[in-house]
Structure formats: structure tokens, C-alpha cells
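Some notes on the structure that comes next.
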Amino acid sequence: MKTFLAWLLWLWLALVIVGAFFYAPVAEHFRVPGSSRIVFFHVPMAWTSFLAFIAAAVWSVMYLVRRNPRHDRSAGVAIQIGLLFGVLATVTGAVWAKIEWGAWWNWDPRQTSILASLLFYAAYLALRQSVEEPEKRARLAAAYALLGLVVTPFLFWIVPRITFSLHPDPVVNSSGKVEMDPRIQHVLYASGLGFAALFFWIHNLQCRLEALVERRAALKE
Amino acid sequence: MFVKEWRCEYRTRYALNTLALFAFTTLVVVSFSLGPLGVDRSHGTAVLPVLLWIILLFSVAAGLPRTFVQEEETQTAMALRLSATPSALFCGKLLYNLTLVFALEVLVTPFYLMMTSLEVASPWLFAAVLAAGGYGLAAGSTLVAAIIAQARSKGTLFSVLSFPILLPLLVLAVELTRGATAGDPGGVAVPVLLLYDATITVAGLMLFPAVWNP
């Protein structure tokens, strides 16, 4: 069953790639119209990074309520993957910004907020590394993750809205409407779904791996 | 709790002295590197508020982590755990940090304004931003200080952990300070800054017991 699901996921993502290049139209009003295809990968990466963060926050709450080490491990792994996808989203975004805006980096509010969230993920992992005792590490990391959760809305929604931005509108724009070709939407949502599934798959693998490593360390003692 | 903090502080005067000295040194470095002419008027309102908040941020990072680190180092943390409820403790530490930050701002800001000859068009807004921003700095740092006190490599970890938390506050505070020096009304940023302060306080009160109690 598991192998079947993994193959299904690969097939799905392969279809997304095919769809991105042969099914969806390009955005004609862009400087380099073809560059708009990056939306099918860049945006889902940013979504996944955010999903990882929300998942980590949920696991952190569960840890603080139930004090089950498994939840703590899940939260830690989620942030690791969130950092990976966040870096990917930032890099793909920078490539696109170079093509469309002429500079890799220009402190657009969205670039600022993703950079801040990358710093947050890195800080979270640094905190985990600098506490040895597992129970204490879990407690402190969970508290820090939730502190991050409460300030995130300021970074992602409020600050970009009160400062000027060149970034294309998010999928649902400020007037609450979706203004995108339906074919672009199909591929984009399919890609988002695929990336979310990819996240949970990697998460599952990495959690099992870390559990094995811990058990081996415990057996050695 | 608050009174105890000040009594300890009064005995050593360590935090206040380092904080004031650190801020003053940074201030001198900043205004020295700007040169004798300073920044010209048109750029001044854009650049100088940023530098002011950077001075404040770094001074806070130099001085505030001590509040909890010292309890762990002198091993009085256990006694505190037994004698005070977490919320009383958090409020006490927060108030203490708040007085430190406000003292710092009162010392630094007038000097800064004099040395850089920055003119403030709306002083009331300026003062309000300093108060609200200072409160956010103190509240954010209090919880982060409680977290890092129990980890290794405390000093460096504080800057790493506090920066992502304080970044929205800094963006808002810089934006508003610019507005105040140029004479714009704050607009929507003022309530957002206050909302940030309220959020961080509530989060601190709720998360502190988890950080503090084993």
C-alpha cells in the first residue's frame, strides 16, 4: 500500500510538471511571459513551508498538552522540512525576481517576510541543538514555536499590506477575487496538493528515521 | 517580584551600567561614522530612525538576557520556582525589563537627537512610538530570555532567537518613527503596533509556565 501511494505521488507530480509546461497558458503581460510558469513550483513551495510551520505549531500544542515525545519529534522534523521548502521558495523567487524585476533581491515585503520565517526556522533548530536534555528541549522548542506562531500574522498579512509591494497578488487578491486563468488554477492547485502530500511523506520517513536513531542510541547505553 | 529585582539590581548595578554604557558606545560609533556633517536633511528622516532602533535593539540584546540567565547561574531559579507563581514571576520580570528599556530610551534618545540633529515634527507620536516599541522589545525579550537561560551558548542564542520575533515590531516602529519625524500621522500602523504588544504579552503569559516549570 505504501509503495503504491509513493508511486501515485510521483505520478501526480510528474503530471503537474507536464501540465505546467503543456496545459497551462503563460501570463502574457509579464516581461518574459514564460517566466510565469515558475508559479506552479514557487508558490506551492511557499505554501508547503507555511504548512510545515502550521503543522509544527499544532504538534507543539499537542506536546505541551500531552507531553508525548512523539509530538515533539514531529514538530522538530516539520520545521526541518519547512526550512528546506522555504529555502527553495526563496531561491526560485529570487530567480524569478531577477528575470522580471531585474534584481535578485530587493526587500519586497514578501521577500522580507519569508526571510524572517527562514530565520525563525533556523533559530528554532539552533535552539533544539543547544539543549541536550530531551524533555527540556521539547518544552522550550514548543514554547518558541508557539511564540513564533503568534507573531507570524504580523509578518505575513499585516506588514506586507501596509507597505508597498511589487509582488504579484496572492491567489486571492485584496478585493477577494481570484483573477487567474482557470487552467493555471487547475495546475496550481494540483501542484499544491502534490507538494502537501510530498511534505507528509518526507515527514513520515524522517520521523521514522529519527525514532530509529534514538532507539539505537538507547540500546547502546 | 518587581521590588526584589530592583533590590538585586541596586546591589550590583550591573545591568543598568552595561546597558547604558553599551548604548552610549554604539551611539558614539554611529554618530562618529556619520561624520561631522551628519546625514543631510532629506535623507535624515529615512536613515536616522533606523539607526536609532538598531541602537536600541542591540542594547536590549546586550542587557536583557541577564534577567533569567543570572537566576540560573546563581542557582536561585529553583528557589524562585518554589516561592512565586509563574505569572507573578513573568509580570515582575517584565516590569523590571520595562523600566530598564524605558530608562535606556530616556538616556539614549535625547542624546541621539542632539548628536544627529534630527528634528521631530510630531513629538507626541514620537514618544508614543518609543513607549509602545520599547514595551514590545521588553515583552518579547522577557520570554526569549527565559527560554535561552536554560540552553547552552546563551548570549549568542538570544540574538538568534529574539530577532525573528522582534522583526515585525522593528518594521512597524521604524515606519512610525519615520512618520513622526516627517510629520505624518501614524495611520493604521499605530493600532497594529499596539496589537503586537498585546499579542506578545498574552502569548508570554500563556507560554511562560511551560518554559519555566519542568
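Quick note on labels: first sequence line is chain A, next is B, and so on, each numbered from 1.
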Requested in this report: Measure Phe208(B) against the heavy atoms of chain A and call it side chain, backbone, both or neither at under 4.5 Å.
Outcome: neither
Query raised in the report: Can you say whether Leu161(B) sits under 4.5 Å from chain A via the side chain, the backbone, both, or neither, judging by heavy atoms?
Result: both
Query raised in the report: When rounded to the nearest 0.5 angstrom, what distance separates CD1 in Ile114(A) from OG1 in Thr90(A)?
Result: 4.0 Å
Query - Distance flag, aromatic centroids of Phe53(A) and Phe120(A), threshold under 6.0 Å - result: yes
Report task. Please look at Ile165(B) and chain A and tell me whether the side chain, the backbone, both or neither of the residue comes under 4.5 angstrom of a heavy atom of that chain. Result -> both
Report task. Could you tell me if the ring centre of His42(A) sits under 6.0 Å from that of Trp47(A)? Result -> no
Query raised in the report: Going by distance alone, is a donor N or O of one side chain under 3.5 Å from an acceptor N or O of the other, for Ser74(A) and Tyr63(A)?
Result: no
Query raised in the report: In terms of heavy-atom pairs under 4.5 Å with chain B, which of Ala122(A), Ala126(A), Ala116(A), Ser130(A) leads?
Result: Ser130(A)
Report task. Check each atom of Leu169(B) against the heavy atoms of chain A and say whether the ones under 4.5 Å are side chain, backbone, both or neither. Result -> neither
**Report entry** Portion of Leu146(A) that has a non-hydrogen atom of chain B nearer than 4.5 angstrom
**Finding:** both
Query - Shortest non-hydrogen separation from Leu9(A) to Ala197(A) and the atoms involved - result: CD1-CB, 3.6 Å
Query - Most chain B-contacting option - heavy-atom pairs closer than 4.5 Å, from Leu64(A), Leu147(A), Leu115(A) - result: Leu147(A)
Report summary line: Applying a strict 4.5 Å limit to non-hydrogen atoms, the region of Glu133(A) in contact with chain B is neither
Report summary line: Tested for side-chain contact (heavy atoms from CB on, under 4.5 Å) against Arg73(A), the lone hit among Arg208(A), Gln206(A), Glu214(A) is Glu214(A)
